[in-house]
Amino acid sequence: MTILLEIKGLTKKYNAGTVALDGIDLQVKSKEFIAVIGPSGAGKSTLLRCINRLVEPTSGSIDFLGQRVEKANSRDLRHVRSQIGMIFQHYNLVSRLSVLENVLHGRLGYMSSIAGVFNRYSEEDKKKAIALLHKVGLENEVYKRADELSGGQKQRVGVCRALAQQPQLILADEPIASLDPKSSAVVMDAIHRNCTEQGIACLVNLHQVEVAKQYASRIIGIKNGKMVFDGPPEALTDYHAALIYEGKESQMYQQQVAEEQPNPTGRKYA
Amino acid sequence: MKIPISHKATKRNQRLFFLVMIVLFVPCLFYLNLSATQFAEGIARIPDIAKQFLQISLDDLPKLLTELLTSVIIAFLSVVISVIVALLLSFVIADTTAPNRHVAKVLRVIVVVIRTIPTTIWVLLAVASMGFGSMAGVLGLLFPTTSFLIKSFTAQIDEAGKDSVEAIRALGGTWWHVVCNGAIPTLYTTFLALIAFNFEMTVAETVILGMVGAGGIGVLLQEYISYYEFAPLLMGILVVFITLFLLEMMTNQIRKRLNSQAR
């Protein structure tokens, strides 16, 4: 397995003086499905946003497929970002556009300004986008406006948009934190299945330990901006989880993916 | 003893505020030399003035209507030009989309300076340099209208546009993608509502600004006032009132419809 992403000594200090990340070292190999767990305010979101520089890191190095992200100029940065899909907690769709248009936005990173502004998507891209929507069960919603959908449907559109980029890596920032348990399961399955099938590596922020154990091939625990756990899901014991969530135990059990649901992936809980 | 229920600091602040108001009010009253006799004489004159106002003449109606049309066109033109300029500039100024922070800062200061100068002053400046007429009206209204739109647009971009901007940026879109594919579709109806509101304000302003020489129906009203021609004046006031009333109803409808669409 090749190394996709290598982070060394990543630190982020915000203007107010808070240290969000404090010397994170992380290697992501291709096809890994990594869950990043930790209480809210631990720096999970900042870590993900530093990787594609939605947040500027203070120091440290980020190497994505041989390209130094933190030093990249705006053109190179665009190139890096086009290869990294992102899924947001609040879906971040353009609510006034159709579902299909939102998915096609995933292609903008590969298009010129003019082609993008005038919506000159290729027929090939359109076909692929529609196929993606079929795959996540939104075949009847293709031409609906994004704001007509339910939360779970919106997030599946968000997943399709990320997949439309044909990325090497997907960053999912709390993708199920705003969803009910049933939709959460559908969304997590959509992310997990597509990443596995297409060999996309995935970093997903979660604050539910159970969900992380259910899907991840590797779990990273973050607390106060430092990495406090890194290992396979089997190695994450209740002892570790308690340590990560020390003082914020109540967040551990919030909003777990519905366990009474039959598990569509057929995966056993680790 | 009764149990106190108020928040002490808040109560003290409120008391201080009213005390300062009263202390300031007394010297202000003396400074302006407001006299009771003048007030009484004025009151006595009201029936007389009202009687003069009660005559109305339809003679000047066609003239009034054409000038009204001019006023509306002046407002429309300046709003259209302002919208174009404001759309371009607000994405350069708004924090979420600013390509260069320093340029944004300089532009923001300029907008603040323009906004602190009242519209009347802008029109007077335009009249002074361009001469009386519609040209001065359009030019003078351009500055305050544009800065109003820029201020409201940027506030909306920073408030409502953040999420979609972040998404387009994350997937490697250019600045134009961020603005045209992300922000503008998101904010489309909000912008339309703001523009409708701004148009309504601008029409009301052109009527008044005509009086300082910016063209339109205001010029006519100013003439009637200086020659004490109350009959056509009342007609003019009525025409303006009906227009503004209808306009307000219309823009309210537009905004209501846009809001329900947004949900």
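Hydrogens, waters and symmetry mates play no part in the numbers below; they use all other heavy atoms, side chains included. Here is the naming used below: chain letters follow the sequence lines, and residue numbers restart at 1 for every chain.
- If you measure heavy-atom distances from Asn119(A) to chain B, the contacts under 4.5 Å come from the side chain alone.
- Heavy-atom pairs under 4.5 Å with chain B peak, among Val94(A), Ile114(A), Asn102(A), Leu93(A), at Val94(A).
- Around atom OH of Tyr110(A), more than 12 heavy atoms belonging to other residues, nucleotides or ligands sit under 6.0 Å away.
- Nearest approach of His177(B) to Leu108(A), heavy atoms of both residues: CE1-O, 3.3 Å.
- Other residues, nucleotides and ligands contribute only 12 or fewer heavy atoms inside 6.0 Å of the NZ atom of Lys13(A).
- Ranked by heavy-atom pairs under 4.5 Å with chain B, the first of Gly109(A), Ser95(A), Gly106(A), Ser113(A) is Ser113(A).
- With hydrogens and angles disregarded, a donor-acceptor distance shorter than 3.5 Å links the side chain of Asn92(A) to the backbone of Asp163(B).
- Atom CZ of Arg68(A) sits in a crowded spot, with more than 12 heavy atoms from other residues, nucleotides or ligands closer than 6.0 Å.
- Chain B is approached within less than 4.5 Å, heavy atom to heavy atom, by Arg161(A), Gln165(A) from residues 158-170 of chain A, ordered by number.
- Taking 4.5 Å as the heavy-atom cut-off, the residues of residues 69-82 of chain A that approach chain B are Arg78(A), Arg81(A), Ser82(A), ordered by number.
- The two residues Asn181(B) and Tyr121(A) make their nearest non-hydrogen contact at ND2-OH, 3.7 Å.
- In this structure, chain B has a heavy atom under 4.5 Å from the side chain of Leu97(A), while its backbone stays farther away.
- Residue-environment remark: NZ (Lys151(B)) stays at or below the threshold of 12 foreign heavy atoms within 6.0 Å.
- The contact list for residues 165-175 of chain B toward chain A, using heavy atoms and a distance under 4.5 Å, reads Glu166(B), Ala167(B), Ile168(B), Arg169(B), Ala170(B), Leu171(B), Gly172(B), Gly173(B), Thr174(B) by residue number.
- Heavy-atom proximity under 4.5 angstrom to chain B picks out Arg49(A), Asn52(A), Leu54(A) from residues 44-54 of chain A.
- Counting heavy-atom neighbours within 6.0 Å of Tyr14(A) OH, excluding the residue itself, gives a total above 12.
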